[in-house]
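Structure first, then comments.
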Amino acid sequence: MPELPEVEVVRAGLERWIVGRRVAGVEVLHPRAIRRHQAGAGDFAARVEGRRIVSAARRGKYLWLPLATRREQPETAIVGHLGMSGQLLVLPPDAPDGPHLRVRFRFENGGRELRFVDQRTFGGLAVADLVGDPAGGRVPVPVVHIGRDPLDPAFDDEAFVRRVRSKDSEVKRILLDQTVASGIGNIYADEALWRIGIHGSRPGRRLSRAQVLDLLESVRAVMGEALAQGGTSFDALYVNVNGESGYFERSLNAYGQEGEPCARCGTPIRRIAFMNRSSYFCPSCQRAPRGRPTGRR
DNA sequence: CATAGATCCTGTATGC
DNA sequence: TGCATACAGGATCTAT
């Protein structure tokens, strides 16, 4: 399940292999993969073919590849999201097409092609215009609403504290809200909360400024560790840009550890249903809030 | 507006 | 063995 560290590994791979190349041909093999591109597959291909890819960018879990601008035309980019199972593979043309190949990009002068492969089809690609954002950067329209990620030097820690403390929602739900801080998914949310001993059901409003700052530091720590190892995956579906598995031996303290002893206190890790998925936590280190969720009356 | 819940999708694992 | 069900979950849409 790609979260920020995994997506960053893919971005770096695209920068290494794809930037500077000119697209010769595009083949859309499954319409769902470009469902966010309203004008359809023909338009998608037409907006990409003949263009040179000039860079590889990321915000949170979104990736984009800005395209060389034609005279009098708006700046555009190929925008991608891997969803749960998406992969961007750079492979020789004679590599066999897998059953989940959704989009293929061929480049001028032959060589390796770029393939978007996605089993569960939650991911997708689109071509979008780039617009200015308040900090002076250029981001695609579908990314405008996405907040900066905690590893971004321009991330505003105090704004994050205010945002979290202004919400009635459970803190884990706030962590997963990509408009508050981007790049955090179910795995790193559970790991970050375990690390500081806060239960994900605690309302944001009930956390102190110091606790929210600790939480932010914790998110940075778990993501930074994963990034240092080149991304983490616990699912064979995650494969890096060259087609090699991104799996690393990495001890998880909470996520997926139901029944295993907590690394801090030995209490068995518990799993509870949350937002149609699972939350893992130590019932001893991370005590559930009691009483009314918000404390208001 | 803020918040909560449903929904999409398919391969794998598990239960009866 | 075979069929049914649960599960994985990011982003978006709908409902309250």
Side-chain angles (χ1 to χ4, degrees), chain A residues 1-8 10 29-38 58-64 79-88 98-103 116-126 128 139-147 149 162-191 193 200-206 219 223 231-239 245-247 252 254-259 270-280 289 292-296:
Chain A
M1 288 72 72
E3 300 183 26
L4 185 152
E6 292 78 16
V7 178
E8 173 57 22
V10 173
L29 294 99
H30 195 308
R32 188 172 155 79
I34 57 145
R35 65 193 181 285
R36 304 277 174 216
H37 190 90
Q38 305 284 350
R58 180 188 58 75
R59 176 173 291 186
K61 304 170 198 171
Y62 278 90
L63 288 163
W64 66 95
V79 186
H81 196 293
L82 302 178
M84 286 182 62
S85 55
Q87 305 168 18
L88 284 164
H100 309 303
L101 176 61
R102 308 305 187 197
V103 182
F116 179 66
V117 174
D118 191 9
Q119 176 199 104
R120 296 177 202 169
T121 70
F122 277 32
L125 305 179
V139 299
V141 169
V143 181
V144 168
H145 69 291
I146 298 295
D149 66 65
R162 287 194 297 273
R163 220 38 218 291
V164 171
R165 297 190 69 209
S166 73
K167 285 175 173 287
D168 285 330
S169 290
E170 300 178 4
V171 62
K172 180 168 175 185
R173 190 180 251 277
I174 300 171
L175 286 178
L176 296 176
D177 181 343
Q178 304 296 302
T179 70
V180 177
S182 64
I184 305 166
N186 205 38
I187 297 171
Y188 295 118
D190 279 1
E191 290 298 306
L193 289 164
S201 295
R202 294 273 298 276
R205 206 180 270 294
R206 300 280 280 264
V219 167
M223 283 187 169
T232 307
S233 175
F234 320 97
D235 186 324
L237 291 172
Y238 173 67
V239 178
S245 170
Y247 180 82
L252 287 173
Y255 181 84
Q257 305 301 303
E258 184 179 22
R270 285 192 52 199
R271 177 172 78 101
I272 57 173
F274 171 79
M275 288 173 75
N276 284 332
R277 56 210 57 163
S278 295
S279 281
Y280 299 87
R292 268 185 289 260
T294 66
R296 296 188 304 177

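Order of the sequence lines sets the chain letters (A, B, ...), proteins ahead of strands, with each chain counted from 1.
Under the 4.5 Å side-chain criterion, counting only non-hydrogen atoms from C-beta, A:V171 is not in contact with A:R206. Inter-residue side-chain proximity for A:E170 and A:F274 is flagged as met; some heavy-atom pair is nearer than 4.5 Å.
Considering only residues two or more places apart in sequence or on other chains, A:R271 meets the salt bridge (Lys or Arg N to Asp or Glu O under 4.0 Å) condition with A:E258. Partners of A:K61 by salt bridge (Lys or Arg N to Asp or Glu O under 4.0 Å), not counting sequence neighbours: none found. For the salt bridge (Lys or Arg N to Asp or Glu O under 4.0 Å) test, residues two or more places apart in sequence or in another chain that qualify with A:D149 are A:R58.
When the local axes at the two ends of the helix from B:dA2-C:dT16 to B:dC16-C:dG2 are compared, using 5 base pairs at each end, they differ in direction by 60° after rounding to 10°.
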(request) Sugar-phosphate atoms are those with a prime plus P, OP1 and OP2; base atoms are the rest. Using that split, label each nucleotide of nucleotides 9-16 of chain C B, S or - for protein heavy atoms under 4.0 Å, 5' to 3'. (result) BBBS----
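Here A:Q257 contributes atom CD and A:Y280 contributes atom OH; the two are 8.5 Å apart, rounded to the nearest 0.5 Å. One distance of note links CD of A:E3 with CG of A:L176; it measures 8.0 Å at 0.5 Å rounding.
Comparing A:R173 and A:H30, the nucleotide of DNA chain B nearest to each residue sits closer to the 5' end for A:R173.
With A:L88 as reference, A:V10 is the one residue of A:V10, A:V7, A:V103 to meet the side-chain contact (heavy atoms from CB on, under 4.5 Å) rule.
Of all non-hydrogen atoms in A:K167 and A:V180, the two that sit nearest each other are CE-CG2, 3.9 Å.
No more than 12 heavy atoms of other residues, nucleotides or ligands shown are found within 6.0 angstrom of CZ on A:R270.
Nucleotides of DNA chain B with any atom under 4.0 Å from a heavy atom of chain A span, from 5' to 3', B:dT3 to B:dG11.
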